[in-house]
There are 2 protein chains.
Amino acid sequence: MGTTQLEKAPEPKYWHLRTVLTDALDSEFAVGEVLPNERELAARFGVARATLRQALEQLELEGRLQRRRGVGTTVAPPRVGVDVGPVRDSWPGPPGGDWQTEGCEDVTPPAAVVQLLATAPDAVVHAVRRTRMSQGQPVATELLYIPAASAPSVPEAPADTDSSSVRAEHLLRALHRLELEGQDRAVELGSAHTDDARQLDRLPGAPVLVVTTRYFVAGRTAAVSVSTYRADTCRLTFGDTEPVTLMAG
Amino acid sequence: MGTTQLEKAPEPKYWHLRTVLTDALDSEFAVGEVLPNERELAARFGVARATLRQALEQLELEGRLQRRRGVGTTVAPPRVGVDVGPVRDSWPGPPGGDWQTEGCEDVTPPAAVVQLLATAPDAVVHAVRRTRMSQGQPVATELLYIPAASAPSVPEAPADTDSSSVRAEHLLRALHRLELEGQDRAVELGSAHTDDARQLDRLPGAPVLVVTTRYFVAGRTAAVSVSTYRADTCRLTFGDTEPVTLMAG
DNA sequence: TAGTGGTCTAGACCACAGT
DNA sequence: CTGTGGTCTAGACCACTAC
């Protein structure tokens, strides 16, 4: 046998590159430091730029790198833990939190939401748009779908003079008057659509964690929120228990 | 002005393709149906294969498509909701669940886990490996890290004759004897490493949802589990409240 | 063996940020 | 303007599955 090894499946180059770069990031780079540009890195490793980029994409997805067009590739800080858990079953609102309500529209929600709300397929519901900030950066956008039945005090077609964000506050207050029985969450991977991508300062298709929350009132789903978190920078935390003394620096 | 439009930023081809294909999947394809191969699709849309593949990658990431080398691209079924929530604060175990314990090893855990366990950086801890099945397919692998202090009844260095999976059962039973005070979860995006990828029937680097759970006993972290779920096929559900009557088909 | 998706290349051009 | 990452191309070859 001419070959000294059986070597069934050679590791792909981009995966090996990812490993090498991971180790380099751990040992030789500081957070915020800028890496050499892609063309130089590719040359240095003896691969095509596309292959090098495949490795960088992995690392960006894992939250190790941050790439900005026209600027360069920098070492990303550790992911920020954003709390998504049920601190207490409660309605969304602006109680000192880091959420910021942007405004509201009347829309026919996507099919998945229609199914959760059990409304008519072409029914128009209120939709409050909010943004979540963390450490000065937007980390999530949210669309809170509120069927008209859940907010009867808010007029269907508001006067144009009624500011969109004022109306959003009305809707949230209307929700708070309902007695919340419980909620329900699901997390899945998605890709940022054009609007979300722009708000999150990402390109279309960027990986996001989509958190879908159902709000129950009187045995029915009174509202549904769909929150879109940047998957590269966020770690979603669920505090299932009362806060425990942190023991890890 | 020669141009009739301002047209600031034209949509990337791969993103437009993704939209077109999404609509096509919604209207013209059934679950399980196989799509034309990539070379033909690329020709049909008048783009290079790499561009077409960029769109397919998006759709696979979103759980709309399933691609298998040597076979083809098929329309994926809707994501399966796997429950990850605190049905009741409880230790992991095989109480009729869909978890299957594979065996155990003694390892020095990764830095992130060491930090959570607050053990010495080079300390060896027990690690029970489990796999979660759903609808006949593996959807997650898990490594449950148990410091020796949390399972004093299990010998440090077992006889080789002691089967790995038998020892794993011993470790789980030892945990069950401790009074669990609470738990803690975090979800983030990761990429499947070589071992996990193989167990999940994916390629290295495949997107996964990593669920990190801390188990608290006597005010300290008695164990940490790191579960790796296929991000393309799984939707993680957190039943924060007692089960509510489903109302959406 | 034939056909599929996965990897890799060596280019080109574009959009954007900073000067 | 220059330099960066983002998009796109037209090929080639490889690994795998199924017949």
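The chains referred to below are lettered A, B, ... by the order of the sequence lines, with proteins before strands, and numbering in each begins at 1.
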Item checked: Summary of side chain to side chain donor-acceptor pair (under 3.5 Å) pairs that have at least one residue in residues 69-80 of chain A, sequence neighbours excluded ->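 Sorted result for residues 69-80 of chain A: A/Arg79-B/Glu188.
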Excluding sequence neighbours, so at least two apart, what forms side chain to side chain donor-acceptor pair (under 3.5 Å) with [X]?
{"X": "B/Asp26", "answer": "B/Arg64"}
{"X": "A/Thr228", "answer": "none"}
{"X": "A/Thr22", "answer": "none"}

Margin query: Closest approach to the side chain of A/Glu38, judged atom by atom: which nucleotide of D/dG5, C/dT7, D/dC8 is it?
Written below: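 Of the candidates, D/dG5 comes closest.
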Next item on the list: Could you check which of C/dT7, C/dC8, D/dT7 has an atom nearest any side-chain atom of A/Thr51?
Entry: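 Ranking C/dT7, C/dC8, D/dT7 by closest atom to the A/Thr51 side chain puts C/dC8 first.
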Item checked: Residue list, salt bridge (charged side-chain N to carboxylate O under 4.0 Å, His left out) with B/Arg202, at least two apart or on another chain ->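 Partners of B/Arg202 under the salt bridge (charged side-chain N to carboxylate O under 4.0 Å, His left out) test: B/Glu60, B/Asp232.
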Next item on the list: Strictly below 4.0 Å, heavy-atom distances to any atom of DNA chain D: list the hits from residues 65-77 of chain A, or just say none.
Entry: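 A/Arg67, A/Arg68, A/Arg69, A/Gly70, A/Val71, A/Gly72, A/Thr73 - these, ordered by number, are the residues of the stretch whose heavy atoms sit under 4.0 Å from the strand.
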Item checked: B/Tyr14 OH - C/dA15 P separation (whole Å) ->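 One finds 14 Å between P of C/dA15 and OH of B/Tyr14, rounded.
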Name each donor-acceptor pair under 3.5 Å that joins a side chain in residues 43-52 of chain B to protein atoms two or more places apart or in another chain, with its distance.
residue	atom	partner	partner atom	Å
B/Arg44	NH2	B/Glu40	OE2	2.7
B/Arg49	NH1	B/Glu38	OE1	2.6

Show the distances under 3.5 angstrom between N or O atoms of the protein and N or O atoms of nucleotides 10-13 of chain C.
none

Checklist line | Residues forming a side chain to side chain contact (heavy atoms under 4.5 Å, CB included) with A/Val139, sequence neighbours excluded | finding: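 So A/Val139 forms a side chain to side chain contact (heavy atoms under 4.5 Å, CB included) with A/Val82, A/Arg132, A/Ser134, A/Cys234.
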Notebook entry, point to check: With a non-hydrogen cut-off below 4.0 angstrom, is A/Leu56 in contact with a base, only sugar-phosphate, or nothing?
Noted result: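 Touches nothing.
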